[in-house]
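Report on the following structure.
Note that ligands are numbered from 1 as they come in the structure, with each ligand's atoms numbered from 1 the same way. Nothing fancy with the numbering, it's 1 onward along the sequence.
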Amino acid sequence: MTPMYTRIAQLRTPEQFSEHIRSLGIVLDFDPELLSAPESPLAQPYHLQLSTLNLQLSNRWCVLPMEGWDATTEGKPTELVTRRWQRFGQSGAKLIWGGEAVAVRADGRANPNQLLINESNLSDLAGLRESLIRAHAACWQTDDLLIGLQLTHSGRFCRPTDKKRMEPQILYSHPLLNQKFGLPNDYPLMSDDAIDRLIEDYIVAAKLAQKAGFAFVDVKHCHGYLGHEFLSAVDRKGKYGGSFENRTRFLREIVAGIRAEAPGVEIGVRFSAFDFIPFKPDENGIGIPDQFDTDYSYAFGGDGSGVGINLSEPHQFLVQMEALGIRLVNITAGSPYYVPHIQRPALFPPSDGYQPPEDPLVGVARLINVAAELKAKHPNLCIVGTGYSYLQEWLPNVAQNVIRTGKADFVGLGRMVLTYPEMCADVLEGKPLARKKICRTFSDCTTAPRNGLVSGCYPLDQFYKERPEANVLKEIKGK
Ligand SMILES: Cc1cc2nc3c(=O)[nH]c(=O)nc-3n(C[C@H](O)[C@H](O)[C@H](O)COP(=O)(O)O)c2cc1C
Ligand code: SF4
């Protein structure tokens, strides 16, 4: 049974949108009137002065990292990967945050078709970056385009050899996630020595990313993957667990190594600023929080209830980043594996998810307001926000308000770029939106890879509509 939530496309006037926001009891500011460039706040230049970079980015759109489970098994880009990156370039967004998750070593891949950074893939990754730049150059200057590479190890969610077989590498025995993903409580933990070696892999990867031409690397700390798991490793013994100091050592050591061995490459961090207890479907398929008898301490940025937020540790984390000289920060939340509704708000769940337990607009507002609170406390950081795609027709109005009022420095777009990369340019040029291209959060781009298929926008992108996988996906969804 799907809960009935008001469709955004039906909210045609600012009054109707306002009334809907009011009825949900949330705070979500928007500008009723849109401005085009050069007056648009989204067209205001952003001056980024980093130790080795001095750039004036000429708009406030950012493309968020999105992988497609479509690289070769050696981790090299394919035509599908290249097409996606070209579309990122065609969007006109000036900040390309990471491109997509790229594994720092083979056994840390989230799937056998994840990009992998190593010597033998170096020229391919450099070529991928260049193809994005060429696509951007067809319409815009490129000297203010900032492109980073997202470095990752998938930790608990590794599937390096078989799309259907998890080969987890975990930091602590999580009482709910171990059970949810079929791991015994005594499943072996990554040793401190193994972590020390992994830190070396990140440093080598950053050096290679720099050689490939990327201006920064994102030391990913989000979505339940390894970097994120460190932040909640409260039960882990030894130097990487327990105290806040220990749980953030992984980042500090990687940063120190990169600064020593790859000076000049900038560092960014995308992190889940809050997290919830894992959700599961109830008897009607609607998401409900899993049960836990005591305070739930495994949600970084959580308040112990499992479904509330306490930003004191995320603030501390940002203080530490500032001390490390990191300025590029991307705020996201939760994990697509156990709380997709807080991570990528959607009306239609992926096949392994649950029906939304709240109006997805509540999830959008939560992400935007958390980013705003963190930006207010850390005004010197360059903060990128996440979770806007569900806003659909109202995305430009909320985005303009966010930038105009300084709630974030860049508006990050994920799924919307898969279906409608031109939205960024259309908004700046004051063109009406192409309604048929607007992402309606059908979640096929998540359902496809969950079922071993390449990811893409099957419902709206003609290119994917025509691929044989589209029929397979229909069959899977029809079951
Ligand atoms: C198909 C797909 C692939 C994704 N891959 C990544 C990834 O590689 N790295 C990452 O940090 N986030 C990834 N994400 C999350 C997005 O970057 C983004 O946080 C999320 O989609 C919410 O933003 P949106 O509402 O604009 O879609 C992915 C999301 C989707 C839908
Ligand atoms: S499949 Fe297309 S419409 Fe559906 S969520 Fe993904 S990008 Fe949006």
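Closest heavy-atom contact between Leu428 and Ser40: CD2-OG, 4.4 Å. Smallest separation of non-hydrogen atoms from Met416 and Ser389: N-OG, 3.0 Å. When all heavy atoms of Gln169 and Asp107 are compared, the pair lying nearest together is NE2-O, 3.1 Å. Pairing each heavy atom of Pro14 with each of Phe30, the nearest pair is O-CZ, 3.6 Å.
Between atom 6 (Fe) of ligand 2 and Cys439 there is no N/O/S contact shorter than 2.8 Å. Backbone or side-chain N, O or S atoms of Cys457 reach atom 2 (Fe) of ligand 2 at under 2.8 Å.
At a heavy-atom cutoff of 4.0 Å, ligand 1 is contacted by both the backbone and the side chain of Pro65. When non-hydrogen atoms are compared, ligand 1 lies under 4.0 Å from the backbone of Gln343 as well as from its side chain. Residue Asp444 touches ligand 2 through backbone and side chain together, judged by heavy-atom distances below 4.0 Å. Here Pro459 has side-chain heavy atoms under 4.0 Å from ligand 2, and that is the only part of it that gets that close.
The shortest N or O to N or O distance between Glu67 and ligand 1 is under 3.5 Å. In terms of polar-atom proximity, Trp69 is not counted as a contact of ligand 1, lacking any N or O under 3.5 Å from an N or O of the ligand. Among the atoms of Ser389, some N or O lies under 3.5 angstrom from an N or O of ligand 1. An N or O contact shorter than 3.5 Å is missing between Gly412 and ligand 1 by distance.
Of all atoms in ligand 1, numbered sequentially from 1 with element shown, those under 4.0 Å from a heavy atom of Gln150 are 7 (C), 8 (O), 9 (N), 10 (C), 11 (O). Of all atoms in ligand 2, numbered sequentially from 1 with element shown, those under 4.0 Å from a heavy atom of Ser443 are 4 (Fe), 5 (S). If you number the atoms of ligand 1 from 1 as listed, the ones under 4.0 Å from a heavy atom of Cys445 come out as 1 (C), 31 (C). Atoms of ligand 1 lying under 4.0 Å from at least one heavy atom of Leu64, given by number and element, are 17 (O), 18 (C), 23 (O). Taking every heavy atom of Arg415 and a limit of under 4.0 angstrom, the matching atoms of ligand 2 come to 5 (S), 7 (S). Of all the atoms in ligand 1, the ones that sit under 4.0 Å from a non-hydrogen atom of Gly414 are 24 (P), 26 (O), 27 (O). Close contacts of ligand 1 with Lys220, meaning ligand atoms under 4.0 Å from a residue heavy atom, involve 9 (N), 10 (C), 11 (O). Numbered from 1 in the order shown, with element, the atoms of ligand 1 that lie under 4.0 Å from a heavy atom of Ser455 read 1 (C). Each of the atoms 3 (S) of ligand 2 lies under 4.0 Å from some heavy atom of Arg440.
Between Glu313 and Arg247 there is a salt bridge, with a side-chain nitrogen of the basic residue lying less than 4.0 Å from a carboxylate oxygen of the acidic one. By the 4.0 Å N-to-carboxylate-O rule, Asp409 lies too far from Arg327 to be salt-bridged with it.
You'll find the side chain of Phe216 reaches within 4.5 Å of the side chain of Trp97, heavy atoms only.
Nearest residue to atom 19 (O) of ligand 1 from His223, Arg84, Arg270, His221 is Arg270 (criterion: closest heavy atom).
The protein non-hydrogen atom at the shortest distance from atom 7 (S) of ligand 2 is Thr419 CG2, 3.4 Å. Scanning all protein heavy atoms for the shortest distance to atom 1 (S) of ligand 2 gives Cys445 N, 3.3 Å. Scanning the protein heavy atoms around atom 4 (Fe) of ligand 2, the nearest turns out to be Phe442 N, 3.1 Å. What sits closest to atom 8 (O) of ligand 1 on the protein, heavy atoms only, is Ala101 N, 3.1 Å. Looking only at protein heavy atoms, the nearest one to atom 25 (O) of ligand 1 is Arg415 NH2, 2.8 Å. Looking only at heavy atoms of the protein, atom 2 (C) of ligand 1 is closest to Met66 CG, 3.9 Å. Among protein heavy atoms, the minimum distance from atom 28 (C) of ligand 1 is reached at Arg344 NH2, 3.4 Å. Among all non-hydrogen protein atoms, the one lying nearest atom 23 (O) of ligand 1 is Gly387 N, 3.7 Å.
In this structure, Phe157 and Tyr337 have parallel ring planes: the angle between them is below the 30° cut-off, well short of the 60° mark. Between His136 and Trp140, the angle of the ring planes lies from 30° to 60°, which puts this pair in the tilted group. The aromatic rings of Phe230 and Phe250 lie parallel to each other, their planes meeting at an angle below 30°, with 60° marking the opposite boundary.
Residue contacts with ligand 1 leave out Met416, since none of its heavy atoms falls under 4.0 Å from the ligand.
With a 6.0 Å radius and a threshold of 12 heavy atoms from other residues, nucleotides or ligands, Lys474 has its NZ atom at or below the threshold.
Remark: the backbone N or O of Leu171 is paired with a side-chain donor or acceptor of Glu229 at under 3.5 angstrom. Proximity of a side-chain donor or acceptor of Asp31 to a complementary backbone N or O of Leu34 within less than 3.5 Å is not detected. Judged by distance alone, with hydrogens and angles left aside, the side-chain atoms of Ser154 form no donor-acceptor pair with the main-chain N or O of Tyr225 at under 3.5 Å.
In this structure, the ring of Tyr354 has its center less than 6.0 angstrom from the ring center of His341.
Just one residue in the list Thr152, Thr386, Asp218 forms a side-chain hydrogen bond (donor to acceptor under 3.5 Å, both in side chains) with Arg270, and that residue is Thr386.
Annotation: cation-pi pair Arg156/Phe181 absent, no NZ/CZ under 6.0 Å from the ring centroid and within 45° of its normal.
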